[in-house]
Amino acid sequence: MATLVPLAQAVAELVRDGDVVALEGFTHLIPFAAGHEIIRQRRQELTLVRMTPDVIYDQLIGAGCARRLVFSWGGNPGVGSLHRFRDAVQHSWPRPLELEEHSHAGMANRYVAGASGLPFAVLRGYTGTDLPRHTANVSSVDCPFTGETLTAVAALRPDVTVVHAQRADRAGNVQLWGITGVQKEAVLAAHRSLVTVEEVVPELTPVPGQVVLPGWAVTAVAEVPGGAHPSYAQGYSVRDNDFYRAWDAVSRDRDTFRAWLDRHVHRAGAAA
Amino acid sequence: MATLVPLAQAVAELVRDGDVVALEGFTHLIPFAAGHEIIRQRRQELTLVRMTPDVIYDQLIGAGCARRLVFSWGGNPGVGSLHRFRDAVQHSWPRPLELEEHSHAGMANRYVAGASGLPFAVLRGYTGTDLPRHTANVSSVDCPFTGETLTAVAALRPDVTVVHAQRADRAGNVQLWGITGVQKEAVLAAHRSLVTVEEVVPELTPVPGQVVLPGWAVTAVAEVPGGAHPSYAQGYSVRDNDFYRAWDAVSRDRDTFRAWLDRHVHRAGAAA
Amino acid sequence: MSGPPPPAGWTADEMMTVAAARQLRDGVACFVGIGLPSTAANLARATHAPDLVLVYESGCLGAKPDRLPLSIGDGVLADTADAVVSVPEVFNYWLQPGRIDVGFLGAAQLDRYGNLNTTVVGDDYAAPAVRLPGAGGAPEIAASCREVVVIVRQNPRTFTSRVDFVTSVGYGTGPGDRERLGLRGGGPRLVITDLGVLEPDPVSCELTLTRLHPGVTREQARAATGWELAVAEPLTTNDPPTAHELAVLRALQATAEGSRP
Amino acid sequence: MSGPPPPAGWTADEMMTVAAARQLRDGVACFVGIGLPSTAANLARATHAPDLVLVYESGCLGAKPDRLPLSIGDGVLADTADAVVSVPEVFNYWLQPGRIDVGFLGAAQLDRYGNLNTTVVGDDYAAPAVRLPGAGGAPEIAASCREVVVIVRQNPRTFTSRVDFVTSVGYGTGPGDRERLGLRGGGPRLVITDLGVLEPDPVSCELTLTRLHPGVTREQARAATGWELAVAEPLTTNDPPTAHELAVLRALQATAEGSRP
């Protein structure tokens, strides 16, 4: 059964230096508060994994938490580039960042393999592109029935996956809805998992489009209202598009970024 | 876009002699009415595919429609054996029935591969059992990353899949909920598909746990209220357990079965 | 059936079901087939294991039926489940990775290594003496759950020296076979019958009679077994069903009867 | 930008978007990225193609947004979709099997065979001149859709003789390459720019200028292309945006602006 714990305690217990960490979400339900707590606790040498690293990953990278990024699309959704990400790749600031990149289809299937207890997944993908030249985690496999050659991708098994959801009950059963992306697979693929939620409720009323993660498949749940801001939680909040637009200017300059980080993350204290 | 047609017309157009036909459902939402229409139209030489062939397959087999059965569990759920199925296997009545059998995990993954446009799927399964001796559709594949040997199953691509659902709208978008089994995969794996529904409504109000099949992924929809009887349609009907229990006696004897078929299927006329 | 007559107001089937229910620790996740396994699991949930997580292959995770489901796809399972997922998902995301603690299986035949047959009786697969329902979820339940509990009535036809078809692997041909085959679950930990309980010998993996139900003799158990049955020393006797266990079990079974329209 | 000044009350970007929208036939299923492709697809849906099926990689099938979504994961997409599925499902069940008619892509670089780069600019992958966002869904969209439409502003940096990184395959190194690679979709059918329209030559697969936007010359198009641009004869001219197209486009774009809190 998932335990209900404060966010700071959950991050302290579940996220360790050097871990492979996936904070997943597809624009919706991005676990910003948990990411900030990881920065506050000054985690180092993380391998960050995510299909769509966006502003929270820009912040983690700029704060120097990450040694490596495994991803398929890194940008500020609807705005443009991630300047901390680019600065790390192009100028090794504040430290070098190794990249391993994939396509969305490849990353999604890597999580599926991890969630399924399989060492690899099969897909039609990557063929003819330059992506496989730069990673050992894309290969090929022949169909034993037709002889056709298909693409194989290695399973992803994060040490810990962090996601944000709308609700949990006291037993740690988690409920999310709207665009639910690859979160179920990312949680099930991981050795440990942390779910931040908008609220803990006595009972999870069923909602159309819901994904429910049973409490026995989740390690810890932390109640963090607004924990997805500036992203959104359908039914609870709307996306703060101004923040995403403003981030472009904040993140272009190292000093501006550091001042922002100091004020809005380090001095802000744990959200819960 | 799916076309809305009467059941008899849909079966006449979509189900052909010699086809590979999957009528799917996992106890819930079994497309009995469509199966009866296939019997009424006296289809021959079908390869019937289903994870859990139950009473409607017993009827199709007893009526002589099937040449071959591809399945993973054949029984009368909650009651016992299928006597027409046993009679066909053990005594070739009314005609010989070839069998190809799998595990549930294998069949589910065969549909997944079909729905995914892949020639095979990978799983941990069948190992050490006698099942692979009797089919060419189970093989093995080595992981290109770890060298581990896993099981491969060949994709299923039915000529036509038939399922029953609660509702559709005029554009042929289909909505089902409750236990939805492998129906989405079975529809998407097939070259053609027919969905019978309890009712056609102007708009599909979202329901928790729903699966929606867009109309552009379905070939035809037929409105057949009660089309799952004696199975059930959650929110519309309850399972007629007495029918399943009574089937045991009806189906034990060839003449009783034929009389039942004549009265309740052939002379009943198309349901819609 | 070779079981004894009910000695004290309960039947051998009731004793078997109660003994099986007692084996389920509270809070574990249990993959249950319909019939005896489902009855035993629901009895456990209604007595000592209220937080037992019932997983049904129809995709119902954490089902909490208030009556005995009549099939694996009974509406009461979906209505009361924590989550209803697709059938591919229940096998791929939940069973296959080893998330399920206990797999609860029945069988038409089993051998001394706990290999199970639910496919055909008879030597010729193509022309069987009896055609059984087939594999269903059993092969992967037997392969992937952390442990397997088998619940089956004991008689020489069922407890056979060689199963006619290996539908689900127990310990194969003996020690080390599961590892060689790459099966990641632990295999059969218990076989619970209407006569007693069998457990695999820690060295030979051979099923060994370790407990008898009250009123059953070791001779009865040997006579009901198609191979020379090993018997543990000391051989213990199960406690009979308590009044509470019996009352709850019978109330549950009445709900199944009551659901007849 | 090398585009001409707006000659008659509309901009080159508006002409490009209108030209792209016109290419989408009503009723087809279209896999759309955010930005120009999404704007064009929503313009088509609001004008001549009300039954256009918009598929977003966030899992929204048949989204019908009443305003321009600001990201691929905008709540309006889930709210208005026929179905919201998981990200693995949208790629595995919907894109990969070839169910999508049109894939709508942008690019930072493209070459004469329609190969696209959205990964890095510069010769050294490990130390790029410009680090771009990466592949996203593009490689498989380019591989699997029945046809691909590229929408991209035309200039010599973008229209380059050799892309620095092949993120998404067009026609590879020429005729037969897609077949050799086993790519099942048809590849780029149209490249729509702020200057005109390019189409692959049926024999050589080389992108060929087939249409100009009003007021643009072939010399301008050649000057904006980093290779010796082939030009079709006769070279036709697109109709300018209609007043209706422009009004709808601007109203759509106002909804995106209006969504700023």
Side-chain angles (χ1 to χ4, degrees), chain B residues 25-29 51-52 71-75 77-82 85-86 88-90 99 101-109 111-112 123-131 133-134 148-150 177-185 209 211 231-232 234 238-242 244-245, chain C residues 34-35 56-60 69-75 77-79 83-84 86-92 95-97 115 117-120 125-140 142-144 165-169 172 177-178 180-184 256 259-261:
Chain B
F26 220 84
T27 310
H28 180 217
L29 293 172
M51 291 182 63
T52 53
F71 76 112
S72 39
W73 189 88
V79 178
S81 296
L82 294 175
F85 163 62
R86 287 174 86 150
V89 175
Q90 297 174 205
L99 296 186
E101 62 185 306
H102 291 269
S103 68
H104 277 354
M107 282 290 282
N109 278 291
Y111 280 124
V112 167
L123 74 156
R124 298 182 187 280
Y126 295 85
T127 316
T129 76
D130 286 334
L131 290 162
R133 291 185 215 277
H134 301 282
E148 190 181 358
T149 300
L150 297 133
W177 65 89
I179 290 169
T180 54
V182 75
Q183 280 99 308
K184 178 188 277 189
E185 289 76 11
V211 165
S231 165
Y232 70 108
Q234 193 145 339
V238 295
R239 192 165 183 264
D240 183 352
N241 292 312
D242 275 353
Y244 284 90
R245 292 194 185 94
Chain C
I34 218 66
Y56 286 84
E57 65 194 13
S58 53
C60 299
L70 285 167
S71 80
I72 217 84
D74 196 307
L77 300 177
D79 284 341
V84 182
S86 75
V87 165
E89 181 179 323
V90 78
F91 284 102
N92 290 350
L95 177 63
Q96 181 168 269
N115 302 301
N117 174 16
T118 54
T119 303
V120 285
Y125 171 78
V130 183
R131 175 65 230 191
L132 301 164
E140 287 77 21
S144 296
F165 191 101
V166 178
T167 312
S168 306
V169 178
D177 240 30
R178 289 186 70 87
R180 273 193 293 279
L181 292 168
L183 306 179
R184 311 214 293 183
S259 75
R260 294 176 191 249

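So you know, we letter chains A, B, ... as the sequences are listed, proteins then strands, and number each from 1. Side chains are part of it too, since the values below use all heavy atoms of this structure and drop only hydrogens, waters and symmetry mates.
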* To do: Find the distance between CG (C:Asp74) and OG1 (B:Thr27) and round it off to the nearest 0.5 Å.
  => 8.5 Å
* Just give me the residue among B:Arg124, B:Arg133, B:Arg86 that pairs up with chain C most often, heavy atom to heavy atom, under 4.5 Å. => B:Arg124
* Structure fact -> CD (C:Glu140) and OG1 (B:Thr127) are apart, to the nearest 0.5 Å, by 8.0 Å
* Interatomic spacing from OG1 in B:Thr52 to CD in C:Glu57 - rounded to 0.5 Å -> 9.0 Å
* Is the closest side-chain heavy-atom distance between C:Thr167 and B:Thr129 below 4.5 Å? -> no
* For residues B:Phe85 and C:Leu132, report the shortest heavy-atom separation together with the two atoms involved. => CE2-O, 4.2 Å
* Region of C:Ala129 that comes under 4.5 Å of a non-hydrogen atom in chain B -> backbone
* To do: Could you check B:His28 against C:Leu77 for side-chain contact (heavy atoms from CB on, under 4.5 Å), going step by step and ending with a plain yes or no?
  => CA-CA 11 Å; B:His28 180 217; C:Leu77 300 177; over 6 Å; no
* Can you measure from CZ (B:Arg239) to OG (C:Ser71) and round to the nearest 0.5 angstrom? => 4.5 Å
* Asked: Closest approach of B:Val112 and C:Pro88, non-hydrogen atoms and distance?
  -> CG2-CB, 3.6 Å
* Asked: Is any side-chain heavy atom of C:Val87 closer than 4.5 Å to a side-chain heavy atom of B:Glu185?
  -> no
* side chain to side chain donor-acceptor pair (under 3.5 Å) partners of residues 127-137 of chain C, not counting sequence neighbours, each pair once -> B:Glu101-C:Arg131
* With side chains defined as the heavy atoms from C-beta onward, is the minimum distance between C:Ile72 and B:Pro77 less than 4.5 Å? -> no
* Asked: Taking the inter-plane angle between the rings of B:His104 and C:Phe91 on a 0 to 90° scale, is it parallel (under 30°), tilted (30 to 60°) or perpendicular (over 60°)?
  -> perpendicular
* To do: Locate the shortest heavy-atom distance separating B:Gly128 from C:Val166; write the atom from each residue and the value.
  => O-CG1, 3.6 Å
* Structure fact -> Honestly, the part of B:His134 sitting under 4.5 Å from a heavy atom of chain C is side chain
* Asked: How long is the span from the OH atom in B:Tyr111 to the OG atom in C:Ser86, to the nearest 0.5 Å?
  -> 13.5 Å
* Asked: Under a 4.5 Å heavy-atom cut-off, does chain C meet the side chain of B:Met51, its backbone, both or neither?
  -> side chain
* To do: Using a 4.5 Å cut-off on heavy atoms from C-beta on, say whether the side chain of C:Phe165 contacts that of B:Leu131.
  => yes
* side-chain contact (heavy atoms from CB on, under 4.5 Å) partners for B:Thr180, two or more places apart -> B:Leu176, B:Val211
* **Pick from B:Ser81, B:Gly209, B:Gly181 with the largest number of heavy-atom pairs that fall under 4.5 Å of chain C** => B:Gly181
* To do: Give a yes or no on whether the backbone of C:Gly75 and the side-chain of B:Tyr232 come within a donor-acceptor separation of less than 3.5 Å.
  => yes
* **Part of B:Tyr244 within contact of chain C (heavy atom distance under 4.5 Å)** => neither
* In terms of heavy-atom pairs under 4.5 Å with chain B, which of C:Pro133, C:Ala83, C:Pro128 leads? -> C:Pro133
* Using non-hydrogen atoms only, which part of C:Arg180 is less than 4.5 Å away from chain B: side chain, backbone, both, or neither? -> neither
* To do: Examine whether an atom of C:Val130 lies under 4.5 Å from a heavy atom of chain B, and if so say whether it belongs to the side chain, the backbone or both; otherwise answer neither.
  => both
* **Between OG1 on residue B:Thr149 and CG on residue C:Leu181, distance to nearest 0.5 Å** => 12.0 Å
